[in-house]
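Single-structure report; data block below.
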2 protein chains.
Amino acid sequence: MGASKTESFSPEQNEMASLFKALSHPARIAIVDYLLKVDSCICGDIVNELPLAQPTISQHLKELKNANIIKGTIEGTAICYCINPDTMEKIESHFGTIRQKLKNKCC
Amino acid sequence: MGASKTESFSPEQNEMASLFKALSHPARIAIVDYLLKVDSCICGDIVNELPLAQPTISQHLKELKNANIIKGTIEGTAICYCINPDTMEKIESHFGTIRQKLKNKCC
DNA sequence: TTATTATATTGCAATATTACGATAAAACAA
DNA sequence: TTGTTTTATCGTAATATTGCAATATAATAA
């Protein structure tokens, strides 16, 4: 074994797990942090910001893109990445729902 | 290689990544969902709720505990698990901050 | 055309995660 | 004590992730 039993859980549960998995690596958190820090959707220089090799960062960007956490648009030779606000809002509202449900608890 | 370069990132980035990693598996999402669904902090029957063997669930519960997402208190022979609202609020406020920062963006 | 620049893909080694059978431990009941 | 119930741990196989050198691709410049 070793593969996670995806088919045993609901689509919603799998979707949330995928979103969190995309955010479960410090390099990917750092990428999101950087995209938030710079004024606009800066192209290119993510590689210079992080202590990782270019293929590694490309791989992390791909995972963030696949999870719809960031969007990339081709801008000449470079690619301009920025955060997808819809996905962020989706996650925030998930925790908003959790907070609501916790209000009726005894813990 | 293969180990993630934890030391290259800030404590905050590593902490958020750890929280998301704890939530990055559908079984652990399902555990949180179940703890939210039941009226109070129900003891024991998480094993009967999920299609996973008892050692596997115990392992998932351990990870959620280590991440401070759930708390467990001994209740006789059983252990009573419930969600830690502080950690949930921490994550929610993280995305609240992200939303604020996105307001000033062009994307 | 050739060169340059930016990003993606391939291939692989190191490491981590997932799942579970077997077993242990802890609390209680008879 | 022995038995029962509940949860944790150990050991291990299957699979996934991480990181990077080498290489490929794509867009532009000279």
> Relative to the 5' end of DNA chain C, which residue comes earlier, A:Thr6 or A:Ser58, by the nucleotide with the nearest heavy atom?
Replying inline: A:Ser58
> Any idea which of C:dC20, D:dC20, D:dA8 is nearest the B:Ile79 side chain?
Replying inline: D:dA8
Under 3.5 Å, which donor-acceptor pairs link side chains of residues 15-25 of chain B to any protein atom two or more places apart or in another chain?
from    : atom 1 : to      : atom 2 : distance (Å)
B:Glu15 : OE2    : B:Lys90 : NZ     : 2.5
B:Ser18 : OG     : B:Asn14 : O      : 3.0
B:Ser24 : OG     : B:Lys21 : O      : 2.7
B:His25 : ND1    : B:Ala27 : N      : 2.9

>> Nearest whole Å is fine: how far is D:dT6 P from B:Ile46 CD1?
In response: 13 Å
>> Taking the minimum atom-to-atom distance to the side chain of B:Gln59, which one of C:dC20, C:dA6, D:dT18 wins?
In response: C:dC20
>> Does a side-chain N or O of B:Lys65 approach OP1 or OP2 of D:dT7 to a distance below 4.0 Å, or not?
In response: no
> Considering only C:dT9, D:dT7, D:dG19, which nucleotide approaches the side chain of B:Tyr81 most closely?
Replying inline: D:dT7
Per-pair distances, 0.1 Å, donor-acceptor, side chain in residues 49-63 of chain B, under 3.5 Å, sequence neighbours excluded:
from    : atom 1 : to      : atom 2 : distance (Å)
B:His60 : ND1    : B:Arg28 : NH1    : 2.9
B:Glu63 : OE1    : B:Arg28 : NH1    : 3.3

> Going by number, which of residues 15-33 of chain B have a non-hydrogen atom under 4.0 Å from DNA chain C?
Replying inline: B:Lys21, B:His25, B:Arg28
> Within this structure, what is the CG-to-P distance between B:Leu52 and D:dT7, rounded to whole angstrom?
Replying inline: 15 Å
>> If you compare all heavy atoms of B:Ile83 against all heavy atoms of B:Lys71, which two are closest, and at what distance to 0.1 Å?
In response: O-CE, 4.3 Å
> In degrees rounded to 10°, what angle is found between the helical axes fit to the five outermost pairs at each end of the helix from C:dT1-D:dA30 to C:dA30-D:dT1?
Replying inline: 10°
> For the atom pair SG (B:Cys82) and CG (B:Leu35), what is the distance rounded to the nearest 0.5 Å?
Replying inline: 7.5 Å
> Which residues satisfy the salt bridge (Lys or Arg N to Asp or Glu O under 4.0 Å) test with B:Lys65, sequence neighbours excluded?
Replying inline: none
>> Between A:Gln13 and A:Ser10, is there a side-chain heavy-atom distance shorter than 4.5 Å?
In response: yes
> Between CD1 of B:Ile29 and CZ of A:Phe9, what distance do you get to the nearest 0.5 Å?
Replying inline: 10.5 Å
>> With a cut-off of less than 4.0 Å, is there a side-chain N or O of A:His60 near OP1 or OP2 of D:dT17?
In response: no
> Between atom CG in B:Leu61 and atom P in D:dT6, what is the gap in whole Å?
Replying inline: 15 Å
>> OP1 or OP2 of C:dT7 versus the side-chain N and O atoms of A:Lys62: is any pair under 4.0 Å?
In response: no
>> Nearest 0.5 Å, please: how far is CD1 in B:Ile91 from CG in B:Asp86?
In response: 11.5 Å
> Nearest-Å distance, CG (B:Asp45) to C1' (D:dT6)?
Replying inline: 12 Å
> What pairs of residues pass the side-chain hydrogen bond (donor to acceptor under 3.5 Å, both in side chains) test when at least one of them lies in residues 92-102 of chain B, not counting sequence neighbours?
Replying inline: A:Glu92-B:Arg99, A:Arg99-B:Glu92
>> Working to the nearest 0.5 angstrom, can you tell me the gap between A:Ile79 CD1 and A:Ile74 CD1?
In response: 5.5 Å
>> Can you build the contact string for nucleotides 22-30 of chain C? Use B for base contact, S for sugar-phosphate-only contact, and - for no protein heavy atom under 4.0 Å.
In response: B----BS--
>> Taking side chain to side chain donor-acceptor pair (under 3.5 Å) as the definition, give me every residue that meets it alongside B:Asn84, ordered by chain and number, with sequence neighbours left out.
In response: none
>> What is the separation between atom CD on A:Glu49 and atom P on C:dA6, rounded to the nearest whole Å?
In response: 15 Å
> Between D:dA16 atom P and A:Glu63 atom CD, what is the distance in whole Å?
Replying inline: 13 Å
>> Counting the atoms with a prime plus P, OP1 and OP2 as sugar-phosphate, which does B:Ile57 contact under 4.0 Å by heavy atoms, base, sugar-phosphate, or nothing?
In response: nothing
> Please give, in whole Å, the distance from C:dA8 P to A:Leu64 CG?
Replying inline: 12 Å
> Would you say B:Thr56 reaches C:dC20's phosphate, i.e. side-chain N/O to OP1/OP2 under 4.0 Å?
Replying inline: yes
> Do B:Phe95 and B:Ile98 come close enough that some side-chain heavy atom pair is under 4.5 Å?
Replying inline: yes
